[in-house]
Structures are given as C-alpha cells and as structure tokens.
Amino acid sequence: MATQPAVETERASGGVRRPRLWLVGSVVAVAILAVVPLLTDRRDLLNLLFLVYLAVCLGQSWNIIGGFAGQVNLGHAAFFGIGALVARNLWAVQGYPFSLAFLAGGLAAVAFAMVIGVPTFRLRGVYFAIGTLGVGEVLRLTTANALPLVSALPTDLVNTYDLASRYELALALAAASTLAAYVLLHSRLGLGILAVREDEEAAQATGVDALRHKLVALAISSLFAGLAGATFAYYHVSYYPELAFSPHWTFDAVLITFIGGLGTLIGPVVGAVFYVLVREQLAVTLVNVHQVIFGILFIVVVLALPGGLVDLSSRLCRKR
Amino acid sequence: MSPQLVAQNLVFGLFVGSNYGLAAVGLSLVFGVLRVLNVAHGELLMVGGYVTFWLFTLTGLDPFLSALVCAPVLFVLGLALNYGLFGFVERLDEETKIKNSLLISFGLTLVIQNAAQALWSADERSVSSSLVAGGTVVMGIALPYTRLAGLILALLTIVALHQLLQRTYFGKAVRATAEDWEAASVAGIDVQRTYLITFALGAALAGVAGTLVSIQYSIAPAVGIAWTLKALVVVVLAGLGSIFGAFAAGLVLGIAEQISVFILGAAYREVVGLVLFLLVLVLRPQGLFGSRAR
C-alpha cells in the first residue's frame with residue numbers, strides 16, 4: 001500500500017483525508033442534530049431537516065450501487081416505493097408495530113432488487129439500467145391501476161402523530177446509511193466491489209466473484225432505499241401510493257450523488273444538503289422550471305465535472 | 001371464448017404493437033450504430049406528439065399528414081441534441097460511452113419533461129383525424145380506420161427506413177459504422193457525420209411515433225418515460241442492435257399485452273413487458289431476432 005499514490009488512498013477512503021477526526025466530528029454533528037427537536041418546535045425547520053436526511057439516505061444508497069459498484073440504476077424509485085408500500089400496509093392497514101413494518105419494507109425492497117439483479121447482472125452492459133428503469137415504472141403504473149387512490153392514516157394514528165419521532169428516525173437512517181458506506185469502503189467486500197467497478201475482468205481474474213459483489217452492493221443499496229421509503233410512509237399522514245414510485249425519487253438520488261461527488265463517502269451528504277436547500281428555494285420562485293435547471297446542472301456535472309462538489313472543492317483547495 | 005373474440009384481441013394487439021415497434025426502431029437504430037442508449041427517446045416521442053397537437057389545433061392540419069412536418073422538426077432537434085450533447089461522449093470507450101449516454105439522456109428526460117410542462121401545462125391532449133373517421137367490420141372483427149391507418153403509416157415508415165439503409169450509399173455507411181466504426185473510418189466514411197445523421201434519424205422516427213401516439217392515445221408531458229420503457233423492452237426482446245427485429249418484437253409485445261389483459265384484466269398489463277424482458281434475459285439473452293450476444 002505504501003507505493004500507492006496519495007490520491008488513490010484518498011479515493012479509497014471516500015475523499016476523506018483524516019478519517020478519525022472526521023469520525024469524531026460526524027458523531028458530534030449527529031448528536032447535536034438529534035437534540036434539535038428538544039430545543040425548538042418550529043415545524044418548518046424540522047420538516048426541512050427531515051427532507052435533508054431522507055435525501056442523504058437516498059443519495060448514500062444510490063451511491064453504493066452507482067458509485068461504488070459502478071452500475072447505473074435508473075429505477076431507485078422502485079425500491080423506495082416498495083419500502084413505502086409494504087411498511088405503510090403492514091403498519092397503518094394491518095396494525096403491526098411500526099418497527100416490524102419498517103424492517104419488512106426494507107427487506108421487500110431487497111427481494112425486488114434481487115429479482116431484477118440476478119438476471120441482469122449475469123449479462124453486462126445496459127441490461128441492469130433497463131431492468132431497474134422497468135421495474136420502477138411498472139410498479140408505479142400498476143400501483144396506480146390496482147390500488148386505491150389515496151393512502152390516509154386511520155384516525156387513532158393521526159391523533160398520536162408526532163413529528164419528532166419521524167425526525168429522529170430519518171436522522172438515524174441518514175447516519176446509518178453513511179456509516180454503512182464507510183464500513184463498506186474499508187472492508188474487503190467493499191474493495192472487491194470497487195475492483196469490479198474498475199475492471200470486471202481483472203477483478204474476476206484475481207478471484208473476485210463479480211456477480212456476487214454486484215448483488216451484495218445492490219442488496220445494501222436497495223435495503224436503505226426501502227427503509228427510506230418506509231420512513232416516508234411513516235412521515236406522511238396521507239399521500240398517493242403512486243407518488244412513492246414516482247421517477248423523481250430516482251432523479252433525486254442520482255442528482256444528489258453526482259452533484260455531491262460520485263463514489264465518495266461525503267459526496268451524497270454534501271449533495272443532499274445542497275440539493276434540498278436550493279430546491280426548496282427554487283421551487284418557490286420558479287415552480288416548474290426549477291427541475292429543468294437541475295436537469296441541466298446534472299448533465300453539466302456528468303460531462304464536465306464528474307467528481308462533483310467534493311472534487312471541485314478539493315481541487316480549489318489544492319490550487320490555493 | 002369464441003374464436004372471433006380471440007381474433008379481435010390479436011388484431012388489436014397488432015395495432016397496439018405497431019406503435020411499440022415504431023417507438024423502438026428509432027431507439028434501436030441509435031443504439032446499434034452509436035452505442036448510445038437514449039432513455040430520452042420517449043421524451044422525443046412526446047415532443048413529436050405535441051408538434052402534431054399544435055399543428056392540429058392552430059392550423060387544423062390532419063394529424064396523419066402532420067407526420068410529414070413532425071419528422072423533419074424532430075430531425076433538426078436530433079441534430080441539435082447530438083451536436084450539443086451526445087457528441088461529447090462519442091469518442092469514449094464503449095463501456096463509459098454507454099454509461100454516460102444513459103446518464104446524460106436521463107438528465108435530458110428531466111429537462112424535456114419539465115420544459116414541456118412549463119410550456120404546455122400538464123393537461124392531457126389528443127387529436128382526431130377527420131380523414132379516416134369511422135371503421136369497418138371484416139368477418140366479425142372491428143377495424144377502426146384510425147388504427148388501420150396508424151398501422152399502415154408505421155409499416156410505410158419501416159419500409160422507407162429499410163430502403164434507406166439497404167439501397168443508399170448513406171445506408172451502407174450506417175451499416176458499416178454499426179459493424180466496426182474503426183474499419184469504416186479507415187475506409188473513408190465520415191463516422192462523426194454518420195453518427196450525427198443517424199441520431200437525427202432516430203429522433204425523426206420518434207417524431208412519427210409521437211404523431212401516431214397522439215392520435216391513438218393522448219399526450220402529456222409525463223408520458224415519455226412509459227414509451228421509453230416500452231421501446232427499451234422491445235429492443236431487448238428483439239436483441240440489442242437488431243433494427244428491424246425491433247418492429248417485429250413490438251408486435252409481439254402488443255399481442256402479449258392484449259392476451260394478458262384478456263386473461264388478467266387491464267390493471268396488470270404493464271407487468272407483461274417486464275416479465276418478458278426478464279424471461280428473455282434468462283432464456284435467450286441475444287433476443288428473439290438477434291444472432292449474436294453483444
């Protein structure tokens with residue numbers, strides 16, 4: 001490892017140069033954020049932070065399959081939606097405790113991901129992208145066709161609704177997904193996944209089972225997407241079930257990852273904060289046009305700035 | 001189940017499938033030649049539908065005739081998109097090129113869809129043709145004229161494309177580039193120009209498909225992704241790069257959907273395409289009409 005250039009080790013640790021300092025800093029930051037609901041009862045602030053946490057989890061989960069494993073997933077909304085659908089149904093309709101419904105939502109997303117992942121990962125190229133786009137869209141249309149239009153909470157659940165618990169759950173999920181990405185990057189498994197991204201044949205030749213590594217990355221990714229969906233289902237008092245499958249969840253996840261920095265650990269966090277804050281501003285002033293701006297920004301990042309904000313800032317620092 | 005009802009369903013599947021086929025041919029052409037997978041193909045189709053809608057609303061032009069305007073308009077849009085966007089990924093190695101083209105076109109879907117919504121609102125629009133109103137019944141099978149005319153227009157477009165690719169010098173250049181762009185380049189073919197025109201041709205095909213969709217279904221800014229998906233499933237069903245196989249596979253998907261609606265009800269018709277897609281990957285990855293795995 002000593003002969004490796006500094007840039008490479010930095011990349012393997014996900015763009016973080018002094019991991020221990022960062023770890024302490026992150027724990028302190030999460031702890032401070034966790035007590036925010038005790039200090040304030042401004043619902044707008046808590047709602048905004050909830051959206052940021054959900055975005056962090058979406059970004060981290062997409063980054064694990066798209067950034068670490070290098071597989072373009074165009075149907076993240078499917079896993080998010082399945083998580084929401086299953087959790088909502090078990091919790092609000094069937095009456096199971098939420099913790100159980102939450103886990104079931106995540107596992108259902110993993111199950112769906114495997115149905116798509118196993119056949120498409122056996123072949124290389126565009127099949128995974130098509131398969132994920134397909135499962136997202138098919139689930140959205142089928143939910144719209146086959147399920148009741150609105151999913152509303154029963155009255156007893158509305159009466160006991162409290163925003164702080166949603167807030168804490170989303171924060172915990174954002175932290176857990178970031179921690180999972182960190183642990184993955186520093187594990188043998190994660191190195192194998194990165195190796196598959198860089199060169200599948202070379203990875204195979206050194207004894208890395210490419211199919212297995214891609215599937216594990218997909219399982220972790222879809223688990224967090226499903227849990228994020230379950231959190232979404234826990235948060236909303238009433239929503240259209242179709243909405244949880246809307247392609248904009250995929251757009252959000254991809255956009256956040258690329259704007260922040262594809263394949264880095266803090267990229268999705270930076271991207272999520274930037275994206276949610278700018279979006280909330282633009283959505284008010286520009287209504288429809290704000291998504292056009294994000295679309296153009298995304299294309300520019302892919303073409304001209306493949307490292308995202310994280311890469312941009314480190315390049316600016318180095319120049320100075 | 002009377003044989004008449006079965007025949008009616010098959011014929012209807014054929015009508016529906018001709019739209020899927022036409023939507024897929026352009027996508028397949030672009031992927032086969034440029035190795036660029038344009039997931040904004042459905043958005044181009046949607047724009048074509050709006051061109052038809054506005055021509056009909058503002059000038060009263062019959063929608064079937066507007067295909068003659070729609071194709072050149074989309075051709076120019078395709079030129080612009082290739083020149084300003086997809087041209088940048090042309091020189092990358094194949095794997096990176098496919099990945100980046102997916103991402104760029106994914107961003108493009110967001111741009112086109114929301115721009116359409118801002119410009120033309122989220123309302124569903126549709127047009128009707130006065131040239132071919134009504135229908136006829138042959139041996140107990142209802143044949144609406146609009147559907148029949150749609151099928152004929154789709155077939156004519158495919159035949160024209162076939163003639164272009166097989167009978168002209170340009171077509172030869174396209175086929176050569178698809179097979180091996182390096183060898184084509186050595187043989188004196190302007191590969192960059194071939195890419196540019198092929199992409200524009202793919203967009204023009206999406207435009208004609210959009211015309212047919214606006215007549216037989218309805219057009220809204222959000223319909224693009226559903227048509228992209230149909231086209232993608234059809235392209236995989238046919239085998240990636242099999243251009244004319246894509247039209248046949250479109251007919252197969254149309255009929256399969258119609259049969260499933262008959263058996264399972266309309267709510268689950270979208271699932272059919274996904275199941276066929278997964279089955280093909282497991283059983284015959286080179287596709288129904290593909291000769292080699294790519």
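Note on naming: letters A, B, ... go to the chains in the order of the sequence lines (proteins, then strands), and numbering restarts at 1 for each one.
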Report which part of [X] has an atom under 4.5 Å of a heavy atom belonging to chain A: side chain, backbone, both, or neither.
{"X": "Gln117(B)", "result": "both"}
{"X": "Leu37(B)", "result": "side chain"}
{"X": "Val271(B)", "result": "both"}
{"X": "Ile98(B)", "result": "side chain"}
{"X": "Phe106(B)", "result": "both"}
{"X": "Val39(B)", "result": "side chain"}

Would you check if the side chain of Asn19(B) reaches a backbone N or O of Ala209(B) as a donor-acceptor pair within less than 3.5 Å? no

Please check: side-chain N/O of Ser218(B) versus main-chain N/O of Ser214(B), any donor-acceptor pairing under 3.5 Å? no

Tell me, out of [options], who's got the most heavy-atom pairs with chain B below 4.5 Å.
{"options": "Val118(A), Ile293(A), Val126(A)", "result": "Val126(A)"}
{"options": "Val301(A), Thr142(A), Leu297(A)", "result": "Thr142(A)"}
{"options": "Val289(A), Leu74(A), Leu141(A)", "result": "Leu74(A)"}

To the nearest 0.5 angstrom, please state how far the [atom1] atom of [X] sits from the [atom2] atom of [Y].
{"X": "Ser221(A)", "Y": "Leu215(A)", "atom1": "OG", "atom2": "CG", "result": "12.0 Å"}
{"X": "Leu119(B)", "Y": "Tyr50(B)", "atom1": "CG", "atom2": "OH", "result": "9.5 Å"}
{"X": "Phe128(A)", "Y": "Leu102(B)", "atom1": "CZ", "atom2": "CG", "result": "11.5 Å"}

Would [X] and [Y] count as a close aromatic pair, with their ring centres under 6.0 Å?
{"X": "Trp249(A)", "Y": "Phe232(A)", "result": "yes"}
{"X": "Trp227(B)", "Y": "Tyr20(B)", "result": "yes"}
{"X": "Tyr127(A)", "Y": "Phe121(A)", "result": "no"}

Check: Phe86(B) and Val30(B) side chains under 4.5 Å, non-hydrogen atoms: no

Heavy atoms, side chains only, cut-off 4.5 Å: are Val111(B) and Glu43(B) in contact? no

Heavy atoms from other residues, nucleotides or ligands near CZ of Phe112(A) exceed 12 (cutoff 6.0 Å): no

Other residues, nucleotides, ligands: >12 heavy atoms within 6.0 Å of Gln204(A) CD: yes

Options Ile225(B), Val282(B), Leu108(B), Asn100(B), ranked by heavy-atom pairs under 4.5 Å with chain A, top entry: Ile225(B)

[X] portion near chain B, given a 4.5 angstrom heavy-atom threshold:
{"X": "Ile296(A)", "result": "both"}
{"X": "Leu133(A)", "result": "both"}
{"X": "Val115(A)", "result": "both"}
{"X": "Ile130(A)", "result": "both"}

Identify which one of Leu77(B), Leu196(B), Asn38(B) satisfies the side-chain contact (heavy atoms from CB on, under 4.5 Å) criterion when paired with Asn82(B). Leu196(B)

Do any of residues 250-258 of chain A have a heavy atom less than 4.5 Å from a heavy atom of chain B, and if so, which, in residue order? Thr250(A), Phe251(A), Val254(A), Phe258(A)

